[in-house]
Amino acid sequence: MKKIRSLTEGKFLKLFFAFFTAAFLIAAIFMPDRASMFSGLWQILSQPSKLSTNYFAIGGYSATFLNMGLVGLISLLLFVVFKGTPTNVSTLAFVLTLGFGSWGINILNIWPTIFGVMIYCVVKKVKFGANVNAMLFSTGIAPLITDLMIRYPNAEVVGFNLEGILIALAVGFVIGFFLPAGLANSPKVHKGFDLYSAALPVGMTAFFLNATLFKTLGVDLPAGADAAQLQVASRLTVNTFCLILFGACIVFAFILGCKPRDYWQLIIDPELVTNFSSTYGNSVFLMNVGVFGLFILGYYNLIGASFNGVTFGIIFCMLSTCNSGSHPGNVWPIMLGYIVASTVCGFVSPLVGGTFTFAINAQAICVGLCYANGLSPIADKYGWRYGFLAAIMHYLLVTSVPTLHGGFCLYNGGFTAALICIILVPNLEHLSRDKFERKALKSK
């Protein structure tokens with residue numbers, strides 16, 4: 001343990017990535033349907049993965065865990081092979097990509113955009129290792145790659161074909177090549193208040209390609225996943241795995257020397273901190289992984305979410321910000337905002353003759369809350385009331401955004417969060433005081 005305690009941030013994060021990867025691969029072996037693991041994986045690779053596709057229904061539980069573990073392994077190997085040094089942003093990229101391994105990403109549809117980023121590195125003569133984060137973020141448009149390979153321009157699946165594969169490679173290369181520039185510019189747009197910063201360039205790219213490949217050319221947009229798929233779920237499987245994994249993180253954090261007061265300092269720190277592992281240390285970061293993970297799991301249990309592959313994945317998509325600024329202390333206002341917005345809309349909808357379908361445990365709203373979590377810096381800087389307001393705005397907008405990108409952008413809610421920042425943050429800067437300014441004014 002002394003050697004682990006003395007690891008640098010980058011080396012510790014690689015170990016953390018390896019731990020998560022191993023957990024999914026081991027779990028795949030223990031699933032009851034492990035006999036169909038590889039045939040299920042082929043189903044995942046060969047079927048559409050538009051929002052929101054439940055891999056538990058497509059390939060089974062064992063195949064889903066296997067796919068997630070292999071996606072994690074590929075992501076880790078990119079850092080190892082290209083000698084990249086992981087940071088807090090790498091934690092977000094790795095865990096986010098891992099989370100999508102149960103409902104949109106697979107070990108086949110990630111490669112065209114990753115190769116595109118590699119081409120960018122060759123042309124610009126920059127190191128591959130410095131752009132591994134960009135490679136992982138580029139996979140946020142993976143469902144489009146699958147669609148191009150197996151059914152474009154048809155509405156129904158025709159299977160893998162040379163023409164489709166070539167189109168997918170060409171589109172993926174272009175996406176990956178131009179994405180790094182978008183990633184660099186994105187924080188200037190939302191001013192750092194959307195933790196899912198990559199969602200803005202990926203979302204805009206998906207918007208453009210949806211318009212170009214389908215709307216403009218008169219090609220019918222293929223239907224999304226059958227809603228009946230979402231009924232394939234297992235509360236026991238998801239809760240058991242997450243309790244063991246997050247519980248292990250807490251135990252290891254204590255073993256590595258994290259004390260309750262150390263973690264409490266992270267929760268109450270008045271500063272807007274966006275790198276926990278370097279600011280508070282590796283053990284405190286690991287404690288936040290465990291505590292924040294259990295906090296997220298508890299929320300989805302409390303609202304009665306269906307624990308299908310999508311819900312399982314968004315637990316990790318939400319957890320991905322655990323090293324970049326999110327913790328229970330600044331996320332609860334986001335959760336509260338979603339609950340209040342759902343309650344009010346459910347009451348008002350019948351009064352205006354509407355049909356209300358966005359209850360707090362509806363699948364689209366569960367996914368939306370995951371990415372509303374990216375607005376936690378607003379709560380950190382301006383106070384919980386404004387985090388609460390941002391969450392309400394996000395709830396009202398998130399289900400309308402997929403129309404723009406056709407269901408091909410996995411970062412839908414993060415893209416929505418960026419739009420909320422564009423609307424809300426300039427007004428907060430112009431009309432409101434942050435917490436420090438209000439405190440200083442009060443002391444006078």
Side-chain angles (χ1 to χ4, degrees), residues 45 48-51 71 74-75 78 82 84 89 93 96-97 100 104-154 158 160-189 196-222 401-412 414-415 418:
L45 301 182
S49 54
K50 285 181 64 175
L51 295 178
V71 167
I74 291 169
S75 302
L78 289 174
F82 295 136
V89 179
L96 187 64
T97 305
F100 282 122
I105 281 176
N106 60 56
I107 57 174
L108 181 61
N109 63 14
I110 62 176
W111 289 109
T113 56
I114 288 177
F115 287 145
V117 178
M118 292 180 183
I119 294 172
Y120 163 83
C121 294
V122 172
V123 172
K124 293 291 292 182
K125 298 180 181 179
V126 296
K127 293 182 178 180
F128 283 26
N131 285 276
V132 174
N133 293 341
M135 295 177 193
L136 297 183
F137 285 134
S138 74
T139 63
I141 204 168
L144 175 61
I145 300 300
T146 294
D147 254 41
L148 295 176
M149 286 193 292
I150 66 174
R151 64 178 174 183
Y152 184 80
N154 304 287
V158 297
F160 293 106
N161 59 90
L162 180 59
E163 180 183 355
I165 292 172
L166 292 176
I167 294 174
L169 287 173
V171 171
F173 291 169
V174 171
I175 293 171
F177 183 83
F178 289 106
L179 182 63
L183 293 175
N185 188 67
S186 181
K188 300 175 185 176
V189 178
Y196 298 103
S197 185
L200 184 58
V202 173
M204 291 303 297
T205 301
F207 178 22
F208 178 80
L209 290 173
N210 177 44
T212 302
L213 296 173
F214 294 94
K215 185 70 174 179
T216 304
L217 297 180
V219 176
D220 292 334
L221 186 68
V401 173
T403 304
L404 298 177
H405 55 72
F408 293 119
C409 176
L410 292 173
Y411 300 162
N412 178 73
F415 181 50

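We use all heavy atoms of the structure for the numbers below, so side chains are in, but hydrogens, waters and symmetry mates are not.
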Under the salt bridge (Lys or Arg N to Asp or Glu O under 4.0 Å) definition, can you give me all pairs with a residue in residues 108-124, not counting sequence neighbours? none
Minimum heavy-atom distance Gly406-Leu221, with the two atoms named: CA-CD2, 3.9 Å
Would you indicate whether the side-chain heavy atoms of Phe137 and Val89 approach each other to under 4.5 Å? yes
Which heavy atom of Pro180 sits nearest a heavy atom of Val117, and at what distance? CG-CG1, 4.4 Å
With side chain to side chain contact (heavy atoms under 4.5 Å, CB included) as the criterion, how do Trp111 and Ile145 come out once you've worked through the C-alpha distance, each side chain's angles and the decisive distance to 0.1 Å? CA-CA 9 Å; Trp111 289 109; Ile145 300 300; over 6 Å; no
Is there a side-chain contact between Leu179 and Tyr120 (heavy atoms, below 4.5 Å)? no
Taken in chain and number order and not counting sequence neighbours, the residues that satisfy ring-ring contact (aromatic ring centres under 6.0 Å, His included) with Phe100 are Trp103, Tyr411
Give, for atom CE of Met149 and atom CD1 of Ile167, the distance between the pair rounded to the nearest 0.5 Å. 12.0 Å
Please step through side chain to side chain contact (heavy atoms under 4.5 Å, CB included) for the pair Leu108 and Phe160, ending with a clear verdict. CA-CA 12 Å; Leu108 181 61; Phe160 293 106; 3.6 Å; yes
Under 4.5 Å between any side-chain heavy atoms of Ile107 and Val71, yes or no? yes
Partner residues of Phe178 under the ring-ring contact (aromatic ring centres under 6.0 Å, His included) criterion, sequence neighbours left out: none
Side chains of residues 197-215: which donor-acceptor partners sit under 3.5 Å, not counting sequence neighbours?
unit_1 : atom_1 : unit_2 : atom_2 : d
Ser197 : OG     : Ser186 : OG     : 3.2
Ser197 : OG     : His190 : NE2    : 2.9
Thr205 : OG1    : Pro201 : O      : 2.7
Asn210 : ND2    : Leu404 : O      : 3.0
Thr212 : OG1    : Phe208 : O      : 2.8

Those residues that, when tested against Phe173, pass ring-ring contact (aromatic ring centres under 6.0 Å, His included) (two or more places apart): none
Nearest-0.5 Å distance that lies between atom CG in Asp147 and atom CD1 in Ile141: 11.0 Å
Which atom names give the shortest non-hydrogen contact between Ile114 and Met135, and what distance separates them? CG1-O, 3.5 Å
Considering non-hydrogen atoms only, spot the tightest contact between Asn154 and Pro222 and give its length. O-CG, 4.1 Å
With a 4.5 Å limit on heavy-atom distance, are the side chains of Val174 and Phe177 in contact? no
dist Asn161:CG -> Ile150:CD1 (nearest 0.5 Å) comes out at 10.0 Å
Output the distance between atom NE2 (His405) and atom CG (Leu51), rounded to the nearest 0.5 Å. 6.0 Å
Within a strict 4.5 Å, meaning less than it, do heavy atoms of the Asn106 and Thr146 side chains meet? yes
Expected output: side-chain Asn109 to main-chain Gly104 donor-acceptor under 3.5 Å: yes
Pairwise distance OG(Ser75) to CD1(Ile105) - rounded to 0.5 angstrom: 8.0 Å
For a quick test of reading the model, state the closest non-hydrogen atom pair linking Leu169 to Pro112 and the distance between them. CD2-CG, 4.1 Å
Pairing residues for Phe82 by the ring-ring contact (aromatic ring centres under 6.0 Å, His included) criterion, not counting sequence neighbours: Phe128
